[in-house]
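Whatever order the structure lists ligands and atoms in, that order sets their numbers, starting from 1. If you're wondering where the values come from, they're calculated on a predicted model, not measured in any experiment. Each residue takes its place number in the sequence, starting with 1.
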Amino acid sequence: MAYIQFLGAAGTVTGSKHLINTGDPSGQSGFQVLVDCGLFQGPKEWRERNWSDPPVPSKKIDAVILTHAHLDHCGWIPRLVKEGFRGPIYATPPTIDLCGIILPDSGHLQEEDARFYNQTQKSKHHPALPLYTAEEAEKSLDLFKPVQVGETVTLSPELSFRFVRAAHILGSCMAEISLQMMGGTRQLLFTGDIGRVRDHKVAPGKVVHSGPNEGEIADLVVMESTYGNREHPKEDPMPELAALITATAQRGGSVIVPAFAIERTQKFIFILKNLMETGQIPRLPVYCDSPMAIKAVEIFLKHEEEYSEETLEMMRQHGTPLAWPGFTFASTPEESKRINNVRLPCVIISSSGMVTGGRILHHLAQRLPDPKNLVLFIGFQAPGTRGFTIKSKADSVKIFGDEVPIRAQVAALEQFSDHADPPELLRWLHTFKKQPANTYLVHGEPDAATQLCGLMQKELGWNVQVAQYRQKVEVE
Ligand SMILES: [Zn+2]
């Protein structure tokens with residue numbers, strides 16, 4: 001019998017990996033497809049799962065369908081390939097372009113971490129090894145196959161799929177999967193991450209167009225629940241953002257913004273430009289210190305078809321971000337290090353967004369102890385990450401093995417999320433043309449998934465369950 005098995009993003013927000021096995025009447029394994037193949041991030045308990053083999057050997061998996069280019073959805077692909085996977089990886093052209101920078105970067109970070117831990121002997125494992133190298137990540141890119149939004153792809157006699165827009169980040173899609181079974185066709189919908197509503201006041205600063213595809217028909221839905229237990233603030237964040245930046249500059253401090261390199265960084269630089277041009281904040285130097293974010297800006301520029309009206313207007317007025325005066329894009333480690341010497345107020349945007357690695361670590365190690373500075377979070381912080389520790393205003397945080405005191409001001413603005421919140425999700429789910437027989441919630445901390453589950457049962461009367469790690473569910 002056909003089944004789905006949740007191999008990640010069940011009970012947590014990272015490691016998205018859902019196996020579809022078409023089964024066959026003899027009880028043998030059928031065609032096997034992974035929808036997403038993400039990296040576990042955050043607490044060690046989850047990260048260690050990156051090292052454990054999935055229940056199905058990688059070489060027995062026939063294909064991967066990738067919803068979008070965030071690491072928690074694509075970051076395990078090089079490991080899958082390293083373990084013997086040789087099938088096609090289907091994704092939209094912008095997703096493939098983004099993976100072209102994200103995956104090798106992830107390999108680099110893992111090599112760097114392994115090297116650092118070996119030098120400092122701070123790992124329990126001797127020697128510490130990378131999960132995969134940049135070169136291995138690079139090699140995995142050969143298996144990617146571009147699929148346009150709306151194009152139907154047949155993977156096997158019993159399984160075909162098409163992408164429809166999820167409006168989460170550049171190139172992001174949901175996967176509508178058709179499964180031919182003995183009793184007829186079953187429609188499965190894997191949402192990946194679901195973007196915000198088409199309302200720029202409620203969801204400000206959107207770089208790509210908003211609103212997930214409406215009018216879906218599905219028998220079984222596997223749906224994200226990241227924001228299942230909280231609503232985004234409805235007020236315009238710009239006055240508070242402007243006040244925070246201005247106050248920091250006035251006391252001679254700098255603003256450090258941990259931001260996801262893809263989408264969030266681009267969104268934030270567009271917002272800063274707008275605030276400066278309209279005189280709401282002083283013209284401060286802005287350092288975008290993430291080679292990946294810089295390459296991502298170039299990919300954004302290539303895929304103009306994905307832009308929101310807001311972004312197009314900004315580009316018409318001010319041209320490409322890469323040429324904006326006062327904005328410095330630090331590509332090399334030397335340029336990054338030079339930012340350490342900047343003593344005058346500035347804004348530093350760097351990744352990773354949850355402070356799990358990357359150049360942001362150096363900036364925070366240097367600037368967290370000074371109360372003049374501001375650390376501004378504009379994205380979700382998963383429990384167990386350094387970002388979560390700092391955001392919860394702990395006394396100190398461990399960076400490079402040392403406890404760094406947190407004396408800087410810490411603030412968080414929640415409006416910049418690229419995930420729909422419960423009212424937005426309900427609004428979208430109400431557009432479904434048919435009530436799915438089964439819905440499984442993934443990609444949420446237990447409390448978020450449970451609360452959204454209850455809300456959907458109450459408001460929609462749907463049959464909803466929270467997916468469990470490694471749980472197998474039959475496609476009926
Ligand atoms: Zn995502």
### Query
Counting backbone and side-chain atoms alike, does His68 have an N/O/S atom under 2.8 Å from the Zn ion (ligand 1)?
yes

### Task
Look at the rings of His443 and His73 and say which category their plane angle falls in: under 30° parallel, 30 to 60° tilted, over 60° perpendicular.
parallel

### Message
Under a 3.5 Å distance rule, please check whether Thr450 uses its side chain to pair with a backbone N or O of Pro446 as donor and acceptor.
### Response
yes

### Query
According to the interplanar angle, ranging from 0 to 90°, do the rings of Trp428 and Phe432 count as parallel (below 30°), tilted (30 to 60°) or perpendicular (above 60°)?
perpendicular

### Task
Assign the ring pair Phe270 / Trp324 to parallel, tilted or perpendicular, where the plane angle (0 to 90°) is split at 30° and 60°.
perpendicular

### Query
Charged N to carboxylate O under 4.0 angstrom, Arg427 versus Glu214?
no

### Message
If I consider every N, O or S atom in His70, which one ends up closest to the Zn ion (ligand 1)? I only need its name.
### Response
ND1

### N, O or S of His168 under 2.8 Å from the Zn ion (ligand 1)
yes

### Query
Which single N/O/S atom of Asp193 lies at minimum distance from the Zn ion (ligand 1)?
OD2

### Message
Taking backbone and side chain together, does Asp72 place any N/O/S atom at a distance below 2.8 Å from the Zn ion (ligand 1)?
### Response
no

